[in-house]
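Just the heavy atoms: all of them, side chains too, but no hydrogens, waters or symmetry mates, feed the values below. This chain uses plain numbering: 1 for the first residue, then up along the sequence.
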Amino acid sequence: MKKYDVVIVGAGPGGLHCACHLKDSDKSVLVLEQNQKIGPKICAAGLTNFDVEYLKPPKEILRKKFVKFVINTPRDRTELDLKKSPIFTVEREELGQWQLSRIKNSGNIKIRTSSRVSKIGKDFVIVNNKDKIKFNYLVGADGSNSFVRKHLGLKARGIGMTFVYNVKKKFKYLEAFFDPKLFSTGYAWIFPHETYSSVGCGCNIHLIHPDRLSKNFSQFLKNKKIDISKTKRLGWPINTDYRKLRFKNIFLIGDAAGLASKLTGEGIYAALISGEEAARYILGNKEESSAFKGFLEHKKIQDEVSDSLTESSKFSEVLEEAELELIVLLLKSRFIDRLIIKDVSKRFGIGEKHEK
């Protein structure tokens, strides 16, 4: 039976980033990935300038750069200037392989693919129903359907559902579509890549059942004359129900921890910074970093505004449709400053929960 100081379950952005911060340390690390290949994932695959500045990937991974972001509502089309804060589309496989290359030759890190964790004990995991591996620390980086989270008995109370098609049609702009009748407080998107475009939608399953969301999305695609006959629909859940990072000697990071934003669904930066935070603790830095504290504060504000939109029964009664579209537009934008969120919440009476 083998033993490692740290076993990381999941080789996504968070798991690999956690391992990167543990490389060349005195900790022996095993990264377990259930898939045969590291990197590919169903994802719109967009990186904000904030993500890029934090991760610092090579320029060749940043395939397309967008300095304009188009936001659509049933009544308006607004172009946002992103020259100071561009968005990049990437191929998730390339991103994963680059992250892997940063740790592949580290003497203290071993990586296993095609390795599914089938059981978790107090200080061990069973892999592929046969291999028993002991650990001092376990890091759950295994996504929204996290096996590690289930082992801890944590049900996800906040789940968003997304559907996406990778279509051959090329689009010029990065776009988001806000239509309360189709997506409630969710939205649809178009993320152009070099040889295809990611066209998807997402919403809280407590607002729109996945079956209904699927039908609404089909209507959206029909309205936009987007042909999906030669492509397969993909889907994945987004976990936004964060409790905490550490549970004794077990950590949850990224989507496994529920760190994705309820407002935007963004999760890559959350995975990266939480992976680093788990590594810091394992290496002896027991105090929460100011960067992670700041991230949690911002997530809390976003989540509370999202909850206010979801729970406020007076919302649809008091506000006209145009006002609803405006508020959704403002609150859902990933570029919005937290002070603007507070101001809009207070002005329209939907942020009482946060203001208290």
Side-chain angles (χ1 to χ4, degrees), residues 8 10 12-18 20-21 47-55 85 137-144 146 148-149 152 154-160 185 204 237-311 331-346 350-356:
I8 300 173
L16 292 175
H17 199 59
C18 181
C20 189
H21 280 275
L47 294 181
T48 66
N49 195 51
F50 196 66
D51 296 327
V52 172
E53 289 179 354
Y54 177 78
L55 191 57
S85 184
Y137 295 101
L138 180 68
V139 179
D142 47 342
S144 294
S146 170
V148 179
R149 185 182 178 105
L152 292 169
L154 298 175
K155 293 183 178 180
R157 298 170 298 193
I159 287 289
T185 57
N204 186 326
I238 297 178
N239 178 18
T240 62
D241 180 24
Y242 177 69
R243 310 292 180 86
K244 59 181 181 178
L245 188 79
R246 185 175 68 89
F247 303 81
K248 296 183 178 179
N249 65 332
I250 297 178
F251 296 82
L252 292 176
I253 65 174
D255 279 7
L259 284 169
S261 167
K262 284 186 182 181
L263 270 178
T264 66
E266 284 187 277
I268 290 181
Y269 178 71
L272 296 173
I273 195 169
S274 58
E276 178 180 354
E277 193 72 6
R280 289 181 72 259
Y281 190 95
I282 291 168
L283 292 175
N285 298 306
K286 308 301 183 183
E287 290 189 12
E288 193 173 66
S289 70
S290 58
F292 190 63
K293 284 181 181 178
F295 164 76
L296 289 180
E297 179 186 346
H298 193 51
K299 172 177 166 58
K300 183 179 179 182
I301 292 171
Q302 290 188 328
D303 288 356
E304 288 178 349
V305 172
S306 178
D307 289 342
S308 295
L309 284 172
T310 301
E311 297 170 3
L331 296 181
K332 299 296 288 187
S333 172
R334 71 176 66 198
F335 317 106
I336 199 162
D337 184 86
R338 69 184 68 183
L339 295 177
I340 299 176
I341 290 177
K342 289 182 181 179
D343 179 66
V344 172
S345 301
K346 184 176 181 180
I350 60 171
E352 293 90 346
K353 182 178 177 182
H354 171 69
E355 293 300 325
K356 291 178 181 178

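Side-chain contact between Leu252 and Leu245 is absent, with no heavy atoms from C-beta onward closer than 4.5 Å. Under the 4.5 Å side-chain criterion, counting only non-hydrogen atoms from C-beta, Leu296 is in contact with Tyr242. Val139 is not listed as a side-chain neighbour of Ile250, based on a closest heavy-atom distance of 4.5 Å or more.
Aromatic ring centres of Tyr269 and His298: separated by at least 6.0 Å.
A 6.0 Å sphere centred on NZ of Lys286 holds more than 12 heavy atoms belonging to other residues, nucleotides or ligands. Other residues, nucleotides and ligands contribute over 12 non-hydrogen atoms within 6.0 Å of the CZ atom of Phe247.
Put simply, the side chain of Glu277 gets close to the backbone of Ser289: a donor and an acceptor are under 3.5 Å apart. Distance alone, capped at 3.5 Å, is enough to place a donor-acceptor pair between the Ser274 side chain and the Gly254 backbone. Side-chain atoms of Arg280 do not come within 3.5 Å of backbone N or O of His21 as any donor-acceptor pair. Asn239 contributes a side-chain N or O that, together with a main-chain N or O of Asp255, makes up a donor-acceptor pair within less than 3.5 Å. Checking side-chain atoms of Thr240 against main-chain N and O of Ala260 turns up no donor-acceptor pair under 3.5 Å.
Side chains of Ser261 and Glu266: no donor on one and acceptor on the other come within 3.5 Å.
In this structure, Phe251 and Tyr137 have tilted ring planes: the angle between them lies in the 30° to 60° band.
Here Lys300 does not pair with Glu297 in a salt bridge; the nearest charged N to carboxylate O distance is not below 4.0 Å. Ion pairing between Asp241 and Lys262 fails under the 4.0 Å rule for side-chain N and carboxylate O.
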Item checked: Audit row: Arg157, Arg243, side-chain contact (heavy atoms from CB on, under 4.5 Å) steps and yes/no -> CA-CA 10 Å; Arg157 298 170 298 193; Arg243 310 292 180 86; 3.0 Å; yes
Next item on the list: Please step through side-chain contact (heavy atoms from CB on, under 4.5 Å) for the pair Leu138 and Asn249, ending with a clear verdict.
Entry: CA-CA 6 Å; Leu138 180 68; Asn249 65 332; 5.9 Å; no
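Rounding to the nearest 0.5 Å gives a distance of 5.0 Å between CG of Leu47 and CD1 of Ile268. Between the CG atom of Leu259 and the CG atom of Asp303 there is a distance of 9.5 Å, given to the nearest 0.5 Å.
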